[in-house]
Amino acid sequence: MPLFWLILAVLGLASVGYVLGRRRALQSAGGDSRKLHSLPSYYGFNAALKSAVPALLLLVVWLLAQPLIVNNTVSELIPDSAVPESSSRGLIMAEVRRAAEGLENAVAAGLMTEEFAGNAGADVEEISQRLKDAGQIVTSEITQPVMRAAQHYRAMNTTGGRMMSVAVLLLALVGCLWGLREVAPAFRARNVVENGIRALLIAAASIAILTTIGILLSLVFNTIEFFRLYPAWDFFTGLNWAPSFSGRGGSSDLGVIPLLWGTFYISIVALAVAVPIGLFSAIYLSEYASKPVRAVAKPMLEVLAGIPTIVYGLFALLTVGPLLMKVFGSDGLGWMQAGTAVMTAGLVMGIMLIPFVSSLSDDIINAVPQTLRDGSYGLGATRSETIRQVVLPAALPGIVGAILLAASRAIGETMIVVLGAGAAARLSLNPFEAMTTVTAKIVSQLTGDADFASPEALVAFALGMTLFVITLGLNILALYIVRKYREQYE
Amino acid sequence: MTDATLNGDGGRPNGSLTTQDDRTKARNRAETRFKAYGLAAILVGIFFLVVLAVSIIRSGSPAFTRTVVDVEFTLSQSEFEAAEEELFKTKAYQSLFISTLKGQLDERGVEVAFDEAAIERLLGKVGGTIREFYTANPDKLGEPVQFELPASSRVDGYFNGRVTRESIQDSRFLMKADLDLVDVLHDAGIMKSSFNWTFITGADAGVDNPGGAGIGASVVGSFFMMLVVLVLSLPIGVAASIYLEEFAPQNRFTDLIEVNISNLAAVPSIVFGILGLAVFIQFMHLPQSAPLVGGLVLTLMTLPTIIISTRASLKAVPPSIRDAALGVGASRMQAVFHHVLPLAMPGILTGTIIGLAQALGETAPLLLIGMVGFVARGYPEGIAAGFTDPNSAMPAQIYTWAARADAGFYEKAWGGIIILLAFLLTMNIIAIILRRRFERRW
C-alpha cells in the first residue's frame, strides 16, 4: 500500500475514534455531559491520539529500520568472491539496488511478469536483456550473485512493505479500541490527553537536538572514514589541493590550507566592504536620521538581506566580474585574468553582509542608555565626539559580536563563491586572482560523479566538519560577547 | 581641589562667543564630515540595491520575449498530398513555406535574396513544425493559418544586443549575411517580438537550446518542496515554541534545546545539505533530486527561524490573558490552545511566510541532494510523483543555467531570478499585510 494512503488510513481511523469516543462518552453518561469527568471531546481525542500516535511512530521507525535490515541481510548474501578486487561491497550493493529498481520499474511498466522478475532460477543474461529492452540502465557489473541479490532485495522490500502496512493498521486499530474501552464517566480523559499532547510538544522541541545530532553524526562518521583513507596530518597541513578523479587513493593531494586561505581572504574582503558601510549606516540611522529617513532607509538596506544568495552569485558572475575586468583586466590595469576572482566574490558578499552589520549594530547602539549621551552633551561634546568617545566604546562588545556573526556568514556562504570566486585552489596574495573556498569545494566534490567511498568525495565531509567547527566557534564567541555586554545595562 | 574654572593654560582664550575660534571650527567640520560619512554609507548601500535591481531587470527582461516570424500560410489539399508523396517530406514543406515567405515579401515590395539554408539557420527545421501541424489538424487544409515560428536564440541575441555584427563569426548557426535578411524581415513586420510563454510554462531544454528553456517545471518542483516545508515546519515549529515558551521548566534539558536552536539558526546552509545527503539519501535511500528530500532538508533549516519568530509572538501575548483563562477554570493546556495561540496566530503566520520565503530562495543544500545534475524535462505526472520524482527547483534551475557555457542561458537565469523574486516579493507583501491588519498592540 503506498505510504500516502497508509497515512491517510491511519488518520481516518483516528477520526473515527474521535467520533465514536465522544458518542460513547455521552452515552455512558446518559446524555448528560455534566456527569463526565472531562468534556466529551476529550474522550474522543483520547481515542484519536491512541490510534494515530503509536501507529505513525511505528511507521517512522519501520521506514528507518527496514532499509538497514534489508541492506545488511542482502549484503551478507553476496559471497566475498563476487566482490571484485577493484571494487567494494558498498559499490556492489549500489549495483544491487539499481538492478532491483530496474526490475521494479520493468514490472510496473508491464514488460515483465511478477513471477519472472522474482524467479531465482531465471537466467541472468535473459533478465539483463529484458531489462535493457524495458529501457532500464543495466551495466556489465551485473553478475549472477548480483542479480540474485537484487531479486532477494526486491522480495524482502515487498514483504517488508506489506508487513509494515498490516502492522501499522493493526496498531492503529488496537489503539483506537483501547481508547474506546477506557471511556467511562470517571475516566480522567482530559489529564490523559493533556499529558499526551505535552509529550508531543516535548518531542517537537527535541527535533532541534536530533538535527544537531544528525549533523554531527553524518559529519563525524564520514570524516573518520576519510581519515582512514587519507592521513589527517596531510589534510590539515597540506599546501596543495589537487583531487584526481581517475585513480583511487594516493594520487590526490587534499590539503585544506589553500581552501582555508581562499575562504578567509574572501571573507576579509567582504568584511572590509561590509563593516565600514554597515557601521556608518547604523550610526547615521540611529543617531542622525530623522524618522521619515529612517523609515525608508532601514527597510531598503534590509531588503539586501532578504535577496537569495543565488541572485548575488549571478550578480557576481555576470555583472560585477565583467565590470571589474573592464577596470583591472587586460584592457585596463592588467591585474586580472578572469572575471571570477577573490575581489568579485568578496565585493558582492560584502554587499550581502551590509544589512547584517547595520541591523545588529543599530540595535546595539540604540540599546546604549540615553543618559550616557546626555552626560556627554552636557560636557559640551559635539554629536560626533559623543558617538566616537562615548556611544561606540559602550557599544563595542556588541558591535564586535555583530562583526563576528557577519564573518561566520561570510565563511559559510556558498552560492556567491561557487559562481564568483573561481575553481582554482591557490595560495596567493593577489586579490584579483581566482581562488576557491571550503564551501565551493564541498559542492564540487559532492556533485561530481565520484562514488561516495572514495577519498575525493569523503573529503567533502571533512571540509564540512572544518566549516561547522569554525562557524560554530565564531557564533559561540559572538553570542558570549553580546551576552556579556547586555548584562552591563540590564 | 583643582581650579579648572580659572583662566589657566589650555582654557578657552578670551574672545567673543559669537565668533567661532579655530578649534570650534575644526570640531564643527569634523562633525559635518562624520555625518557625511554616515549619509554616504547609506547612499552606497542603497546604490548597490539599485544597481542590483537595474541589472536584474535589464538582463532578465529579454527572457520574457522572443523573436518570432509571423507568416500567414495556406496549404491546399493537393499540395499536402504532393508533399506527403515526397521522399523528404519536411523538405517539401520547407520549400512551400519559403515560396510563401518570398511571395509575402514581394507583396510588400521588398527585394532580398536568401536560400533554404539561411532559413534553417534562422528558424530551425520549419518543415517539421508545419507538417506536424497539418497532420494533427487536417481540417485546416485550404484555409489560411497564422504561423508563429520562434527564431533561433542567436537572432534573439541580435535584437537584444548580445550578438552584434562585429562580434558574430560565420558558423553553421548564423552567418553575417543572415543578419541582413533578419533586418529586412524585421522591417517588413514579418519578424517581431512576442511574449515568451514557453519560458513561463515550459521545462528545461537541452544544453544547446536556450530558446526552448522554461522555468515552469521547476516552479512546480519548488511548489511541492514548499508544501513539504509548510506541512512539517509549521506544526513542529509551533509545538516546539509552545513547549519552550509555556511549559518548559528551567532545567538543563530546556537549556540544551535553546542552545541547539540558536546554533542551528547560524549553521551554514551547505551543512544542512551535507546532512540531507548523508541521512536522507545515503542512509534512508530516499530518491535523489526529489522535492520530498529537498523539502525535508529545508524544513530542518527553516525550523529555527520559525521557532524564534513564533516564540516572539507567543511572548507578545500579555500574561493577563493566560491569568484570566486560568481564573475561570481552564487548564494550562486549554489556556494556551484556546486563548494564547489564536491571539498569536497572525504573528506566527507572518514568521512562517518569511521562513518559507527564505527556504524558497535557498540553493546550496539543493545542490548536494542532486537537484543540479538533473534536467527537468517535463512536469511531474500526478501528485505523488510530484513529491518523489526527480525535479528541479527554481534556484537550482537558475544555478544550472548560470553554469552552462551558452551565453543564451544567462538571460534565462536572470529571467528566472525575476520570477523567483516576484514570488518572494508576493510572500513578503502578504506577510506585511498580515502583520499590519491583525497584529495587536497590547
Side-chain angles (χ1 to χ4, degrees), chain A residues 2 4 64 67 190 194 197-198 200-202 204-209 211-212 214-215 218-219 222 276-277 280-281 283-284 288 297 300-301 303-304 306 308-311 314-315 317-319 351 354 382-384 408 412 414-415 419 439 442-443 446-447 452 461 464 467-468 471-472 475 479, chain B residues 27 30-31 34-35 37-39 41-42 44-46 48-49 52 55 59 236 239-240 242-244 247 256-257 260-264 266-271 274-275 277-279 282 284-285 300 303 331 333 361-364 367-368 372-373 384 395 398-399 402 410 413-414 417 420 424 428:
Chain A
F4 180 70
L64 285 178
R190 200 199 74 214
E194 289 191 349
I197 290 179
R198 202 188 157 95
L200 287 181
L201 294 184
I202 295 178
S206 311
I207 283 185
I209 300 182
T211 311
T212 312
I215 289 177
S218 54
L219 287 176
N222 285 302
I277 297 179
F280 271 109
S281 307
I283 290 171
Y284 187 84
Y288 289 105
M300 274 189 93
L301 283 185
V303 165
L304 285 174
T309 53
I310 177 80
V311 180
L314 210 62
F315 185 57
L317 176 72
L318 299 179
T319 309
I351 298 174
I354 291 173
T382 62
R383 270 181 149 179
S384 65
S408 130
T414 311
M415 294 321 295
L419 287 170
T439 48
I442 292 176
V443 171
L446 283 182
T447 49
F452 283 130
F461 292 97
L467 183 71
F468 184 69
T471 50
L472 196 67
N475 285 321
L479 284 179
Chain B
R27 284 175 67 197
E31 171 72 25
F34 195 76
K35 197 175 167 182
Y37 291 153
L39 196 60
I42 292 199
V44 168
I46 291 174
F48 282 141
L49 183 64
L52 193 60
S55 68
S59 327
I236 295 176
I242 289 179
Y243 177 71
L244 291 174
F247 296 106
L256 184 69
I257 295 177
N260 265 307
I261 289 173
S262 58
N263 279 334
L264 282 180
V267 167
S269 58
I270 184 116
V271 173
I274 295 181
L275 169 79
L277 177 71
V279 173
Q282 276 185 315
M284 284 161 69
H285 298 299
L300 295 180
L303 261 183
S331 69
M333 204 62 87
E362 197 55 65
T363 323
L367 301 186
L368 292 197
V372 62
I398 293 168
Y399 172 77
Y410 290 165
W414 285 115
I417 277 178
L420 177 66
L424 293 185
N428 277 297

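Throughout, protein chains are lettered first and strands after them, A, B, ... in sequence-line order, and every chain is numbered starting at 1.
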Pick whichever of [options] has the most heavy-atom pairs under 4.5 Å with chain A.
options: B:L244, B:L368, B:V279; value: B:L368
options: B:L303, B:N428, B:L300; value: B:L300
options: B:V267, B:V271, B:I261, B:L264; value: B:L264
options: B:S331, B:A30, B:A278, B:A413; value: B:S331

Report the distance from atom CG of B:N260 to atom OG1 of A:T211, rounding to the nearest 0.5 Å.
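Result: 8.0 Å between the selected atoms.
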
Drop me the distance from A:Y288's OH to A:I283's CD1, to the nearest 0.5 angstrom.
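If we round to the nearest 0.5 Å, A:Y288:OH and A:I283:CD1 are 8.5 Å apart.
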
Mind ranking [options] by heavy-atom pairs under 4.5 Å with chain B and telling me who comes out on top?
options: A:I351, A:I354, A:L467, A:L200; result: A:I351
options: A:L318, A:I207, A:T439; result: A:L318
options: A:A297, A:G214, A:G412, A:A205; result: A:A205
options: A:P308, A:S384, A:S408; result: A:S384
options: A:I197, A:L304, A:I209; result: A:I209

Suppose we screen for ring pair (Phe, Tyr, Trp, His ring centres under 6.0 Å). Which residues come up paired with A:F468, at least two apart in sequence or across chains?
none

Does any heavy atom of chain B fall under 4.5 Å from the side chain of [X], the backbone, both, or neither of them?
X: A:R190; answer: side chain
X: A:L472; answer: side chain
X: A:F315; answer: both
X: A:I215; answer: both
X: A:I442; answer: both

For residues [X] and [Y], determine if any side-chain heavy atom of one lies less than 4.5 Å from a side-chain heavy atom of the other.
X: B:L367; Y: A:M415; value: yes
X: B:F34; Y: A:T382; value: no
X: A:T309; Y: A:T414; value: no
X: A:I310; Y: A:L419; value: yes

Please state whether the side chain, the backbone, both or neither of B:I236 comes within less than 4.5 Å of a heavy atom of chain A.
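Its backbone and side chain both get close to chain A.
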
With a 4.5 angstrom heavy-atom cut-off, which part of B:I417 approaches chain A: side chain, backbone, both or neither?
side chain

Quick one: salt bridge (charged side-chain N to carboxylate O under 4.0 Å, His left out) partners of B:R27, sequence neighbours excluded?
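Once residues adjacent in sequence are excluded, the partners of B:R27 under the salt bridge (charged side-chain N to carboxylate O under 4.0 Å, His left out) criterion are A:E385.
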
Non-hydrogen atoms of A:S281 and A:L301 that approach each other most closely
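Heavy atoms only, the tightest pair is CB-CD1, 3.9 Å.
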
Give the minimum heavy-atom separation between A:G464 and B:I274, together with the two atoms involved.
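Distance-wise, the nearest heavy atoms are CA-CD1, 3.8 Å.
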
